[in-house]
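Worksheet: one structure, shown below.
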Protein chains: 4
Amino acid sequence: MIIVLRSNSAPETDTQVCEALREAGLSSQVVRTAQHRLVVVIDDASGLPSHLFSRIEGVEKVIRVQAQCPLALNSNDISLRFSNGAVLGGGAAPVVIAGPCSVEGRLQLFQIASEVKSAGAQLLRGGAFKPRTSPYDFRGLGAEALEYLREARQITGLPVVSEVMSAEQVELADSCVDMFQIGARNMYNYELLKEVGRSRKPILLKRAFSATISELLQAAEYILLEGNLQVVLCERGIRTFETHTRNTLDLSAVAALKNMTQLPVLVDPSHGTGRPELIRPMSRAAIACGADGLLIEVHNDPCKALSDGGQAITPSVLTEIVRDVRAVYQACTQDQKLSTCTASLQPASV
Amino acid sequence: MIIVLRSNSAPETDTQVCEALREAGLSSQVVRTAQHRLVVVIDDASGLPSHLFSRIEGVEKVIRVQAQCPLALNSNDISLRFSNGAVLGGGAAPVVIAGPCSVEGRLQLFQIASEVKSAGAQLLRGGAFKPRTSPYDFRGLGAEALEYLREARQITGLPVVSEVMSAEQVELADSCVDMFQIGARNMYNYELLKEVGRSRKPILLKRAFSATISELLQAAEYILLEGNLQVVLCERGIRTFETHTRNTLDLSAVAALKNMTQLPVLVDPSHGTGRPELIRPMSRAAIACGADGLLIEVHNDPCKALSDGGQAITPSVLTEIVRDVRAVYQACTQDQKLSTCTASLQPASV
Amino acid sequence: MIIVLRSNSAPETDTQVCEALREAGLSSQVVRTAQHRLVVVIDDASGLPSHLFSRIEGVEKVIRVQAQCPLALNSNDISLRFSNGAVLGGGAAPVVIAGPCSVEGRLQLFQIASEVKSAGAQLLRGGAFKPRTSPYDFRGLGAEALEYLREARQITGLPVVSEVMSAEQVELADSCVDMFQIGARNMYNYELLKEVGRSRKPILLKRAFSATISELLQAAEYILLEGNLQVVLCERGIRTFETHTRNTLDLSAVAALKNMTQLPVLVDPSHGTGRPELIRPMSRAAIACGADGLLIEVHNDPCKALSDGGQAITPSVLTEIVRDVRAVYQACTQDQKLSTCTASLQPASV
Amino acid sequence: MIIVLRSNSAPETDTQVCEALREAGLSSQVVRTAQHRLVVVIDDASGLPSHLFSRIEGVEKVIRVQAQCPLALNSNDISLRFSNGAVLGGGAAPVVIAGPCSVEGRLQLFQIASEVKSAGAQLLRGGAFKPRTSPYDFRGLGAEALEYLREARQITGLPVVSEVMSAEQVELADSCVDMFQIGARNMYNYELLKEVGRSRKPILLKRAFSATISELLQAAEYILLEGNLQVVLCERGIRTFETHTRNTLDLSAVAALKNMTQLPVLVDPSHGTGRPELIRPMSRAAIACGADGLLIEVHNDPCKALSDGGQAITPSVLTEIVRDVRAVYQACTQDQKLSTCTASLQPASV
């Protein structure tokens, strides 16, 4: 932490700031430059709020040097191995997770599950509890859907990912689901993050559409701090002024995250674009910039879907995406240097 | 709902779309313009998702005409009357709600409560449960803080506002709090909205920093639908590219909301700007554009605050703000036409 | 400038950075903290690009302490006095600048000019050259409009503000216009900024809808550096995700700018909201947070306007706005402490 | 155009709106739905501003159905062939344009030009006139740089791209440059767009960092309308709340543009990310989602660059990028279906 004093501040401001630091148990050193006096904190000040010093008369601003999410930044290389042998992260070939936005019925789910499996998906997604902007929209079948997911897993062998929105739902879903999804709307729901942090299952943590990269990592930190190290990050589009696409898929964030953390990173091009015709090219791009896998909404009859049908693709398009994604992954890894390309450059700071 | 067909779509597309509408129980009419064919839905289509039609071959886009929050838009004029006689909304003079970001201790709270009351605040705010971006930050005293708030209410007579983040907290806080606050991070937490919708207390609903005006109204709709009509909206800054201020306080949204709904609208200039020197001018501006009141963080010693001390003001600045706010309110209402100024213009649509 | 070295960087990195600084003629001091080594530059490094050091192996980041617009931040208190006695800035009562978006014809202009004068406006605005997003829209009458503006000034005595977009237009407009306007789309047009910096007329510089406060001040710096100190800043809405309003009027930026610079600050609620029903409340709010005046689009028959008719107000609404604005200004200044309210707080840094 | 009347509007509103349309020479048809009355304009209303109708008492809103850039949307498939045989667009293999941000000197330019050629670049970029946010930064060598670019072209055979910011610069650069670049800051500079529209050279039009896809196409329309059909679009990052990257590279816009227009689309990962370690992965991603080429800043000694050195890569990294890009392009085209993948889906509307 560096505390910048105003050029016209009283001479005793230095003493006052250093004194406040000493009270907090921290040593410091004053440096005078041509335009400012700087109080550099020598000890680790990461636990202290900036305003302890920013509100002292004569202080211009407080600069933090250190990141706030040590566990997320320094995690070991994580690769998750699922019951069907699928491996996510750690440089493994991309994993495709696919399925309907909402579980709409037993047979519908079984049909889609079997089709996405044939298309090459390795995990099944399907919403039991659906957060919806409008209270008049379909909100999911709830516990009933969880049962169908459990059956679909038995039938197809595909591990299941499904969203949970409360402690109660975590408990309900525990026996039916192989990876809990925290949706974009709940990335800031810290009670829920702590809850899933106490579970033993991998957590798919989606970036809120208004979250910075740093906030996403801090949300992951909440889970990691509880002892659950199986956190998978997912970029799914951020909110910008552009309205042609539902969100703006921030693939630079994927490349940046791959440089900053060892946690696996997925991309959800369905929510990221909201347009079915963009999902195939953006799936290719996601893998090309280093994503460890994809999360895609698939429906056998998008026109009839009860939620988000506007962005669902059919199983036959999924087949093409899986083929594309493998080709792009190979192109990017055939040259061994490719996989280590960023290593020669310096890792980024938060 | 209007369904626009591509100019080069097959002639049978009309029939196909009309057929899909008929299946959904809706009548329609086709209109041919110089460039397009339009299928206009005659019956109320608000319950139907757009993708039922957007995914039909030959459909260019689906336009929704109707808003999705009838209760919020057509609510009666609501004015909330609190135990100490304070009246919020319905054209009443602005209400100032003030207090510490977090309740940090018993005596601290009593002191601040008594000082904000002297300064002219009519309700007391204070956080018991604190959502924090970093898991390493102070997260509130929890149930203990609720007890202190109850005592502070007894001592000062000020009704109490405090944030709740889960069903469990709603229950815990019920006897200590006069208005539940739903924080910006939980505006999309629909389970929680339904929970407080079932309570009998007024709900202070803060706009998420990434929410459109329409989404804020739809969040209110979740609460209203459960039967709780005492919803107070609160603008607290949205996230934009500007970094000088913590958020961008969107006062146009306040003026727009006052035109669209009868629900009371508050402004939180503390989170909206994140800078203590801007809170006084923005408080005046909030009242000048029609806000029904203010929510302000006050601390007796901002440098020592355990959370958000960077934006807290002191009780003496609050005294000045209360004086300003009254003067501005009078200036805006002395001319009787002022209070009805927007009535002569047409109300806005969502 | 402070250069942060990575904790795991080679010991000789310090030397290398200090050497690079010495080559640039700057002395420095190394400070070791618990987590980092910092190289603090002692001399004024404001002329040096960060990448001289950021690209050195082992450097984590480069922090700039100093602002880049000394003239804008340290300008003397400027108040502009126009030929008709109107005074803009320096704490004077708010000035209202009003008129049509585009000059559409001789008589139309004369009529509106006379009506806005009766309504209480002190300057006349009117577009001769119109930048339009679509090339199919009306682009202004050009030189012909300038003649009409000159005549309107003679008839009404109102000084004239009009937008220029090129050096050629500056020359053409010179004898007809009392203040040149640089539109939002041209705030980054540095050639044009230098051009008007060489003129003797006051410059109304609008914030680009994507510009940070700091970039606006740096654009002003371009003009100030050429020797023209009569720069008036204008907030006119920034681009955000909100679509209900045309832009998001950033009044916090107005309060912030009034704290940072002595240059006068105007607000344009017409472009800021794009909705006629919001212009009156936002005009009041602008004055309440410290703006020195308003820029408002007025048309005698908005339905027939050739450009931006959707947001124009009529002269009769302008009359009410002028009355409101005076009442709000008095409310904010009657208490002498009000005008100096922010002085007791510390001025902000960029 | 569809005009929506308020449900509570007077019955004569229909007549009034239809009358206003008739005056404008347009026929219309009224449709009554369960909640609204709609006036559907039958004739082409693309030349009329919405406010002709939006300001009529009783009108709720005006919906435009039609896009405003017919030339950009309906252009024929354009592929540009340069003097050295490089082909840009029309499905050709990706073109890499590389070179220094600014031309800093004669020998520096020759060295970089020769190195980027060896690395596989097919066109040379280099700035003669540099727009800079701060007036204190290096603004380019101007006409002198143009001479060096002409010489570099002679020596290497690489066609040259350079930015122009005024009519005067267009004239100066004409004999030295093979493609004029319109920078992001000038995308809204309509005078300049018309100027280059009258030239015979291809125009590289960069998206403003605040521009929607629709605005980018409308800017292209300005150039196309003047008769210059050789327009190349370039995505270079948009401004969002994320600060880790300099901008947010919007690759979805690339995929969307490839669906909407036949104009070639480039990606500039240098400005798009501002971080050298992200340029290689984002270059791969750009090609994977369909970009026709890349625009990359290369410097032989980034630490010493006079502008934007923080994001420049070295020629050796460029070599790796060219190799990657070819591999990814092949992976995406080896399966013939890939190149036509989006054709099976419906093209998007603006």
Side-chain angles (χ1 to χ4, degrees), chain A residues 210-214 237-245 247-256 258-260 269 272-273 275-278 280-290 313 317 320-321 323-324 326-332 334-335 337-338 341-342 344-348 350, chain D residues 210-214 237-245 247-256 258-260 269 272-273 275-278 280-290 313 317 320-321 323-324 326-332 334-335 337-338 341-342 344-348 350:
Chain A
S210 54
T212 60
I213 293 172
S214 164
I238 58 173
R239 183 162 277 188
T240 71
F241 59 80
E242 179 59 67
T243 56
H244 182 79
T245 43
N247 293 286
T248 296
L249 190 66
D250 182 9
L251 291 186
S252 307
V254 174
K258 293 299 295 177
N259 254 3
M260 295 162 83
T273 66
R275 287 182 164 265
E277 76 274 16
L278 302 184
R280 191 173 170 187
M282 297 315 289
S283 293
R284 294 198 300 259
I287 299 309
C289 73
I313 57 167
V317 176
E320 293 174 338
I321 289 175
R323 205 189 314 136
D324 284 14
R326 287 184 188 152
V328 169
Y329 175 72
Q330 282 195 339
C332 292
Q334 63 187 10
D335 175 6
K337 280 173 209 147
L338 274 184
C341 67
T342 52
S344 63
L345 287 156
Q346 299 173 29
V350 181
Chain D
S210 55
T212 60
I213 293 174
S214 165
I238 58 174
R239 183 163 279 189
T240 70
F241 60 80
E242 179 59 68
T243 55
H244 181 79
T245 43
N247 293 287
T248 296
L249 190 64
D250 182 10
L251 291 185
S252 306
V254 174
K258 292 300 294 177
N259 254 3
M260 295 162 82
T273 67
R275 286 182 164 267
E277 75 275 16
L278 302 183
R280 191 171 171 190
M282 296 317 288
S283 293
R284 293 198 300 257
I287 300 310
C289 73
I313 57 167
V317 176
E320 293 175 338
I321 288 175
R323 205 189 314 136
D324 284 13
R326 286 181 189 154
V328 169
Y329 175 72
Q330 282 194 339
C332 293
Q334 63 186 10
D335 175 6
K337 283 174 207 145
L338 272 183
C341 68
T342 52
S344 63
L345 286 157
Q346 300 173 31
V350 181

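Note that this is a predicted model, so its numbers are computed, not measured. Letters go in sequence order (proteins before strands), and every chain restarts at 1.
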Nearest heavy-atom neighbours spanning [X] and [Y]:
X	Y	result
A331(D)	A327(A)	CB-O, 3.5 Å
M282(A)	A255(D)	SD-CB, 4.0 Å
D250(D)	E242(A)	OD2-CG, 4.5 Å
A288(A)	A288(D)	CB-CB, 3.8 Å

Quick one: does H244(A)'s side chain get under 4.5 Å of S214(D)'s, heavy atoms only?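 No. Closest side-chain heavy atoms not under 4.5 Å.
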[X], part contacting chain A, at a heavy-atom distance under 4.5 Å:
X	value
T273(D)	side chain
T245(D)	side chain
R239(D)	backbone

Report which part of A211(A) has an atom under 4.5 Å of a heavy atom belonging to chain D: side chain, backbone, both, or neither.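 A211(A) touches chain D through backbone heavy atoms alone.
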Quick check for you: among I287(D), I238(D), V254(D), I313(D), which has the greatest number of heavy-atom pairs under 4.5 Å with chain A?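 Among I287(D), I238(D), V254(D), I313(D), the one with the most close pairs to chain A is I238(D).
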Supply the atom-to-atom distance L251(A) CG to L278(D) CG, rounded to the nearest 0.5 angstrom.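 If we round to the nearest 0.5 Å, L251(A):CG and L278(D):CG are 11.5 Å apart.
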Please step through side-chain contact (heavy atoms from CB on, under 4.5 Å) for the pair T240(A) and T248(D), ending with a clear verdict. CA-CA 10 Å; T240(A) 71; T248(D) 296; 5.7 Å; no
